[in-house]
Chemist: 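My structure is below; once you've seen it, I'll send some questions.
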Amino acid sequence: MDHIRIRGGNSLNGDIRIGGAKNAALPLMAASLLTDAPLTLSNLPHLADITTLANLLVQHGVDIHMEGDHEGRSLTLSAKNITSTTAPYDLVRKMRATALVLGPLVARFGQARVSLPGGCAIGARPIDLHIKGLQDLGAEIELEGGYVNAKTSGRLRGKEIVFPFVSVGATENLMMAASLAEGETRLVNAAREPEVIDLANCLVAMGAQIDGIGTDTLIIQGVEQLGGAHHRVIADRIEAGTYAMAVAVAGGAVRLTGANLDNLGAVAEVLRSAGLSIENGVVENGAAGGQEFISVQRENGRLIGVDVMTDPYPGFPTDLQAQFMAMMTTVNGASMVTETIFENRFMHVPELTRMGASITLHGGSAMIRGVPRLTGAPVMATDLRASVSLVLAGLAADGDTIVNRVYHLDRGYERVEEKLAACGAEIERIKGG
Ligand code: EPZ
């Protein structure tokens, strides 16, 4: 297995290109199952999770054509000839978002056999809301042998569904299913994440009728058939937030190109409160119009501690909690970080502690007391965002940090060591045995 070595102490200066959002691209790819016409997605990131879902779609019979390179790929997906409505365990267990094929398969083909995803490092992560919502829309569902067996005679039928708590995946799965159901579906207490909005906008481009996009109540008038579309995936706000926090940890001045602060509301305010300067910018590059970027700079002097509590959008995202905690380990003062979305998302804490961080856990909250310096150490990545938080900590640590199991990193971050090295970090990937 590969690992990454970081020698801390260098500041970051230069440009980092922010890719398309992983958590928008995945549901958008699943949406290709809703139509027999081709769906073209551009600005797609080059990530392991995208490959995993593409492999699943191909085994369903989706024809996938890829163009482009690291600077933005496009995929054209055509679900004209679906040969299987089963999503097997060996693919689903690799990446939970594969459960997003459930709604589209039932809505278009009247049946689906999708493996239950099973838990992951950060929590049990059931899909009970997805299943109950499909039953509300008229699907008959049996759980047998670790699989969800869903079927419906005729079309799904629209209904009001009130979520007991916000679920990004359940909102996405049921919005896709409802787009082909008969009649009106209302999704109440729906997720408002930018990735959900991006999916809704793409579905509308395919012919879906969706009102309330961006609010917590989505009203979907089902249609009989959807068509194809060309859709550009939004920039990855979590990748942008991650690199902004890298500047906070290491110091320096960086432009995050291809992204803007629109989808980072609460995060930008928290980072400013800690003492980081972070603003939108536009560079005029002639006829092509300005390319947007986020300008991030940490002047001299240490940042200060700020308390955060994770919350569904537009609150502070759980996917930036580990990175923020790494940032808080070397600030002046203390901070309290409270995780409200997942029940086990503090696995980066013992690893940061091994690097000299001072963190105490109290249930769902972590108290971090800033220390003058971290010291490099061999550390273990456990999940996607915990692994990148260890890279961030390594940027500020004395000596070498070796992050193992970087396959976690590759699921959600494209060429992280190249992007950081290009800005002056001493970081390299060491091919594992
Ligand atoms: C999406 O996961 C993201 N993944 C996650 O990003 C993100 O952390 C999460 O939303 C919250 O923002 C993708 O978009 C592919 P949820 P999802 O349904 O949809 C519980 C990353 O690092 N729940 O909003 O699975 C669930 O266990 C990943 O990129 C149920 O109990 O998240 C969790 O505690 C990690 N039953 C909470 O709700 C259900 O049926 C929120 O989960 C569904 C969810």
Side-chain angles (χ1 to χ4, degrees), residues 22-35 39 49 52-53 56-57 60 62 77 79 82 85-87 91-92 95-118 120 125-141 143 147-152 155-181 185-204 206 208 210 212-213 216-220 222 226 312-313:
K22 166 178 82 81
N23 290 350
L26 294 170
L28 286 165
M29 289 169 70
S32 67
L33 290 167
L34 289 165
T35 173
L39 172 63
D49 276 5
T52 301
L53 184 56
L56 175 67
L57 293 172
H60 283 307
V62 176
L77 305 103
I82 291 302
T85 54
T86 295
L91 283 172
V92 172
M95 203 255 307
R96 306 175 33 73
T98 45
L100 290 169
V101 302
L102 181 61
L105 288 172
V106 176
R108 180 156 166 239
F109 302 101
Q111 64 178 41
R113 183 167 182 271
V114 175
S115 168
L116 282 164
C120 79
R125 300 185 70 187
I127 59 168
D128 52 317
L129 298 187
H130 304 230
I131 291 167
K132 183 174 178 318
L134 283 172
Q135 288 171 322
D136 289 346
L137 296 178
E140 292 163 40
I141 293 193
L143 302 185
Y147 278 78
V148 177
N149 293 312
K151 67 178 190 299
T152 172
R155 287 172 70 187
L156 293 171
R157 290 180 306 283
K159 193 164 183 295
E160 176 167 278
I161 296 171
V162 181
F163 293 112
F165 49 82
V166 171
S167 162
V168 171
T171 301
E172 292 168 341
N173 230 336
L174 295 168
M175 178 167 63
M176 288 191 281
S179 60
L180 285 180
T185 297
R186 293 169 65 88
L187 300 181
V188 181
N189 198 19
R192 298 161 53 194
E193 272 67 5
E195 294 76 27
V196 176
I197 296 173
D198 203 36
L199 173 64
N201 289 333
C202 180
L203 290 172
V204 167
M206 293 164 68
I210 304 173
I213 295 175
D216 62 1
T217 302
L218 294 169
I219 301 163
I220 303 120
L226 290 174
Y313 193 86

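Residue numbers start at 1 and run along the sequence shown. Source: prediction; values computed, not measured.
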Chemist: Give the table of side-chain donor-acceptor pairs shorter than 3.5 Å for residues 172-179, with sequence neighbours excluded, one pair per line with atom names and distance.
Modeler:
from : atom 1 : to   : atom 2 : distance (Å)
N173 : OD1    : G103 : N      : 2.8
N173 : ND2    : A99  : O      : 3.0
N173 : ND2    : H130 : ND1    : 3.0
S179 : OG     : M176 : O      : 2.5

Chemist: Mind checking whether R186 and T217 have side chains closer than 4.5 Å, heavy atoms only?
Modeler: yes
Chemist: Measuring only between side-chain heavy atoms, which start at C-beta, is I131 closer than 4.5 Å to V148?
Modeler: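 With C-beta onward as the side chain, the pair touches.
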Chemist: Are V101 and L57 close enough, and set up right, to give a side chain to side chain contact (heavy atoms under 4.5 Å, CB included), and what steps lead you there?
Modeler: CA-CA 8 Å; V101 302; L57 293 172; 4.1 Å; yes
Chemist: Of all the heavy-atom pairs spanning L28 and C202, show the shortest one and how long it is.
Modeler: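 Looking at all heavy atoms of both residues, the closest pair is CD2-CB, 3.4 Å.
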Chemist: According to the side-chain hydrogen bond (donor to acceptor under 3.5 Å, both in side chains) rule, which pairs have a member within residues 99-114, sequence neighbours left out?
Modeler: T85-Q111, R113-N149
Chemist: Going through the distances and angles, do I82 and V62 end up as a side chain to side chain contact (heavy atoms under 4.5 Å, CB included)?
Modeler: CA-CA 6 Å; I82 291 302; V62 176; 3.7 Å; yes
Chemist: Of all residues at least two apart in sequence or in a different chain, which pass the side-chain contact (heavy atoms from CB on, under 4.5 Å) check with R157?
Modeler: none
Chemist: Holding to salt bridge (Lys or Arg N to Asp or Glu O under 4.0 Å), I want the full list of residues that pass it with E193, two or more places apart in sequence or in another chain.
Modeler: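 Not a single residue meets the salt bridge (Lys or Arg N to Asp or Glu O under 4.0 Å) criterion with E193.
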Chemist: I'd like to check the salt bridge (Lys or Arg N to Asp or Glu O under 4.0 Å) partners of D136; sequence neighbours left out, ordered by chain and number.
Modeler: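 Salt bridge (Lys or Arg N to Asp or Glu O under 4.0 Å) list for D136, sorted by chain: K132.
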Chemist: Under 4.5 Å between any side-chain heavy atoms of M95 and L56, yes or no?
Modeler: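 No. Closest side-chain heavy atoms not under 4.5 Å.
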Chemist: With F165, which residues qualify under side-chain contact (heavy atoms from CB on, under 4.5 Å), at least two apart?
Modeler: L129
